[in-house]
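One structure is given below, encoded as structure tokens.
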There are 2 protein chains.
Amino acid sequence: MKRQFAIILTLILVVILAGFTVRRTTTDDVIYPEGYRKWTHVKSALLSADHPNVKYRGFNHIYANEKAIIGYETGTFPDGSIIVFDVIEAKFEKDHTDEAKRNHVDVMVKDSQKFATTGGWNFGQFEADKTPRNITDAVKAKCSSCHASQGDHVFSEFRQ
Amino acid sequence: MKRQFAIILTLILVVILAGFTVRRTTTDDVIYPEGYRKWTHVKSALLSADHPNVKYRGFNHIYANEKAIIGYETGTFPDGSIIVFDVIEAKFEKDHTDEAKRNHVDVMVKDSQKFATTGGWNFGQFEADKTPRNITDAVKAKCSSCHASQGDHVFSEFRQ
């Protein structure tokens with residue numbers, strides 16, 4: 001009887017923990033774009049050591065998955081397009097600048113049905129160690145309203 | 001008769017020109033790496049507007065084909081590895097730097113048998129419009145002797 005009780009208690013705990021996990025990452029959350037470093041490099045820029053946007057100082061590299069490349073080439077990004085904005089801190093030397101460690105990663109994912117209220121795109125942000133940053137709906141709305149000024153909400157162009 | 005003569009003369013000219021073309025690009029010459037912009041981006045650096053290496057000022061992006069990525073990951077580059085050094089001129093602004101037009105493209109191709117005397121690698125250089133630069137054997141030897149200081153003749157590492 002004691003053993004049966006222990007089994008039932010364990011099962012209850014498993015169900016509760018599973019519930020927590022499901023709530024922590026819903027299907028609407030942007031997941032970390034594993035393998036993006038082997039996706040296509042769209043373009044780059046460098047923000048100087050005194051740029052006011054502190055968290056973006058250094059190299060800003062943009063990567064796109066195959067679907068997003070179709071978007072860059074046609075002007076319309078199909079569902080499943082993912083664009084990664086990779087912020088790599090810089091080692092500023094006298095006459096050149098090298099890459100240092102990653103600062104963070106911004107991600108845009110296209111799903112025209114699911115994210116219809118934000119132009120078909122969802123936004124995510126990850127620490128260098130892949131931990132997702134807590135992006136509130138208010139922040140996402142801010143991302144979206146700024147991106148809305150662009151063709152299919154994308155600022156960058158694929159540099160040939 | 002006059003017409004036949006013109007045809008024969010044209011044919012002779014075509015054969016002569018074809019001969020020139022064959023001689024201009026031998027199988028040992030590095031060919032332009034079509035499609036490299038969709039290969040993996042290895043890493044980047046930026047040379048400042050006052051860098052002494054004038055032709056390399058701006059963004060220096062490195063791209064690698066699939067075989068070369070195996071090389072970066074294992075330390076030994078298989079035959080068929082191609083590494084592209086893409087020099088993109090920079091638009092230096094007050095607090096950031098953007099990409100401008102391409103300056104030129106350097107290419108390294110691995111064939112351990114064919115290029116055994118230069119460490120298994122051959123070197124090529126192309127203008128922004130893809131025209132090959134005339135790289136003499138003396139210049140290639142210089143490329144090779146400098147690259148020989150590195151593991152399998154490659155300076156860069158794949159930035160994760």
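Within every chain, numbering begins at 1; the chains are lettered A, B, ... in the order of the sequence lines, protein sequences first and strands thereafter. All values below were derived from every heavy atom in this structure, side-chain atoms included, with hydrogens, water molecules and symmetry-related copies excluded.
Counting only heavy atoms from C-beta outward, the side chains of A:D86 and A:F59 never approach each other to under 4.5 Å.
Contact tally against chain B (heavy-atom pairs below 4.5 Å) for A:T40, A:N60, A:L46, A:N53: the top residue is A:L46. Comparing A:H96, A:Q160, A:H41 by heavy-atom pairs within less than 4.5 Å of chain B, the highest count is held by A:H41.
Here the closest non-hydrogen pair linking B:Q150 and B:V154 is CB-O, 3.3 Å.
In this structure, no portion of B:R57 lies under 4.5 Å from any heavy atom of chain A.
A donor-acceptor distance shorter than 3.5 angstrom exists from the side chain of B:T74 to the backbone of B:I70, with no hydrogens or angles considered.
Aromatic rings of A:F123 and A:H147 (six-membered ring for Trp) have centroids within the 6.0 Å cut-off, being under it.
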